[in-house]
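Below: one structure, written as structure tokens.
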Amino acid sequence: MTAAPLARRLGTLLGAGLLAVVPAAPALAHGGGHPTPWPTGAPPATPFPGGPAGPTGASAGATSTSRETWEGWWAFNQWRYLKLTDARTLTPRGSSTEAVRPEASEVDVLRLFFLDALAREKHHDPRSAAALALGKAEVVESAEALGKLLADKDAHRYERECAALGLGVMRSLPSAPALLRIVMDQSNERRLRVHAVVALGLLRDGAAVGPLEEVLAREDEAEIHAAAALVLGLVPDPRAGAALLRLARSPSAEEEVRAAAASALGRGGREKVEDVSVADLLRDLLLSEKSDLVRQSAALCLHRFGGSDPFRALLRASDLDKDKTTRGLALVSLALWVEARGETADRAAATEAARRTLLTGGQRVAGFGALALGILGAKDPGCAPPLRTVFLREGAASSSAANPVASACAIGLGLMRDAESRKKILECAKKHRDLVFRGYCIIALGLLGAADREGVADLRKILEEENDPGLKGAAAVALANIGDRGAIPSLVAALRERNKVVQSAALLALGYFRELGVTRHLLEFYWAEKDAQYRAIAIAALGNFAEKSRPPVLRALSVDFNYLLVQYKMPVLDVILRLF
């Protein structure tokens, strides 16, 4: 489809004035795109410190050390608390509180736009973004185009990787044989093969079990085995559970494969596998397994199971485990267990453990104590005083770098919606010398803003007046995560700023608002942009608009997943878990 007919279709759907900004025959340069660590060439969708990128666009919060501390857990589990424009979206007084959902006709027109971009674009960045966006639109008629791209050995590797993921996200069951062929062909790059393995699991159907078991039977690369184990947990089939049970128990399986299997069993919603209690298995692994990675995986998932045994095991591990990261993860999991089902005595024990860890545990684990107190504080305001004390003590000195524990306390105060701390958090967000700490304070304001309209106003002011582009970007995404439609004009204005970090954050933030007027602005940016990388970001934002899943389906893979597996043993999965 040429640009002009596509423009007419989009203009009819999205409102008058669009035809004026969509040229009939756009002459797009190849742009300034260049190979990057990101499959779409685009920066991560959440420029939050502690996640893929720090507040200045650098990897300030994603160092190897932080992944062993609270920053790693928060970066890949924040989706529990960052509610992307759902029915609780903030709207002006007197208007409906229902978020706007894209209709099937709207998604279908966007699908035509993605198909057009896939055919017309010459650079791999926007083509890759269009391939994944097609998957997010979940229109099965797109599967043929993605299948052809996946099979095209002359295509750029990013394009083929995103085509594989797109087929998995749209759950194209007929694509399973093609995905398996990609995995089994050892002449293919390992990255592509891992993407295909993940896509097989995303099919979430028993048809994927046989291919994944074949991967486990034939493949001798631990990374591909571990990827297969990870995604088997997504498949609600007894055979998948049985395969995971064998891997978790196998003394001959490599450490990372056993850890991935334990994680998948815990996250898969299974109470029993072949008459074996999954909760009992994870408890035993947490208390007696020699591998730190396996114990960490067990700790991360045990909160999903009821009964007193998981609680006692987590409480013991949070105090006595020899590995500091395991202790911290067990403590956060303990807080999640109590939040879901704990009685008064359980809550008191968990709160005391979290308070003690924050105040006396040392910097390596104290941040976990802050997060645990924040989770527990949602129902217990008594958790606030130790968080406030440490936040003020460690973060008050604006002339020096802040202790990372102060950042954890800011997040903890945000999690428990402690309105009393808002003014001090805002002061640090605006004036502190430490940009990473300021970024976390902005996140905390976003968490507070979901219940406090003053917090929303603070974030809008940061977006409009802050000089540092990374902090403006953090404010943009924070506003999107709490669904502040009143911020849309400020986000649109940010698209006109010259700084690409700000533009990128504004684009992706706008993609979370399911508003037809917003889509118009994203399309305007796309057609006017000369740089291929930033056209790719505009396409990714439009893909966010089309996606039905909240949180985004690929990011949901990282919840309760042991990210240290990726850091040390499975680096290719880093691409999938961090950047989509």
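Reckoned from all heavy atoms, side chains included, excluding hydrogens, waters and symmetry mates.
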Is [Y] paired with [X] through a side-chain N to carboxylate O contact shorter than 4.0 Å?
X: Glu121; Y: Arg127; result: no
X: Lys324; Y: Glu68; result: no
X: Asp560; Y: Arg80; result: yes
X: Arg520; Y: Glu524; result: yes
X: Glu465; Y: Arg460; result: no
X: Arg111; Y: Asp108; result: yes
X: Glu529; Y: Lys500; result: yes

Checklist entry - Do Leu554 and Leu557 pass the side chain to side chain contact (heavy atoms under 4.5 Å, CB included) test, and can you show the C-alpha distance, the side-chain angles, and the key distance before you say yes or no? => result CA-CA 5 Å; Leu554 290 171; Leu557 284 176; 4.2 Å; yes

Atom pairs and distances, side-chain donor-acceptor, residues 370-390, under 3.5 Å, sequence neighbours left out:
unit_1, atom_1, unit_2, atom_2, d
Lys379, NZ, Glu339, O, 2.9
Asp380, OD1, Gly382, N, 3.0
Arg388, NE, Asp418, OD2, 2.9
Arg388, NH2, Asp418, OD1, 2.8
Arg388, NH2, Asp418, OD2, 3.4
Arg388, NH2, Glu420, OE1, 3.3
Thr389, OG1, Pro385, O, 2.9

Is there a donor-acceptor pair under 3.5 Å between the side chain of [X] and the backbone N or O of [Y]?
X: Arg535; Y: Phe525; answer: no
X: Glu497; Y: Asn499; answer: no
X: Arg417; Y: Leu447; answer: yes
X: Ser558; Y: Phe76; answer: yes
X: Arg267; Y: Val559; answer: yes
X: Ser318; Y: Leu331; answer: no

Spacing of [atom1] belonging to [X] relative to [atom2] belonging to [Y], to within rounding of 0.5 Å:
X: Arg355; Y: Leu358; atom1: CZ; atom2: CG; result: 9.0 Å
X: Gln503; Y: Leu495; atom1: CD; atom2: CG; result: 7.0 Å
X: Lys431; Y: Leu426; atom1: NZ; atom2: CG; result: 9.0 Å

Please find the pair of heavy atoms, one from [X] and one from [Y], that lie closest to each other, and give the distance.
X: Ala117; Y: Ile539; value: CB-CD1, 4.1 Å
X: Ala538; Y: Leu507; value: N-CD1, 4.1 Å
X: Ile462; Y: Ala475; value: CG2-CB, 3.8 Å

Checklist entry - Is the centre of the Tyr526 ring less than 6.0 Å from the centre of the Tyr534 ring? => result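 For Tyr526 and Tyr534, the ring centres are not under 6.0 Å apart.
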
Next on the checklist: Could you check whether Tyr440 and Phe391 have their ring centres less than 6.0 Å apart?
Outcome noted: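 No.
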
Would you check if there is a donor-acceptor pair between the side chains of [Y] and [X] at a distance under 3.5 Å?
X: His156; Y: Asp125; answer: no
X: Arg304; Y: Ser333; answer: no
X: Ser490; Y: Glu464; answer: yes

Next on the checklist: Applying side chain to side chain contact (heavy atoms under 4.5 Å, CB included) to Leu300 and Trp73, what does each step give before you reach the verdict?
Outcome noted: CA-CA 9 Å; Leu300 280 162; Trp73 182 88; 3.7 Å; yes

Checklist entry - Going through the checks in order, is the side chain to side chain contact (heavy atoms under 4.5 Å, CB included) test met by Arg422 and Leu445? => result CA-CA 7 Å; Arg422 184 183 64 79; Leu445 288 172; 4.1 Å; yes

Next on the checklist: Could you walk me through whether Val198 and Leu202 satisfy the side chain to side chain contact (heavy atoms under 4.5 Å, CB included) test, starting with their C-alpha distance in whole Å, then the side-chain angles of each, then the deciding distance to 0.1 Å, before giving a yes or no?
Outcome noted: CA-CA 6 Å; Val198 173; Leu202 289 169; 4.0 Å; yes

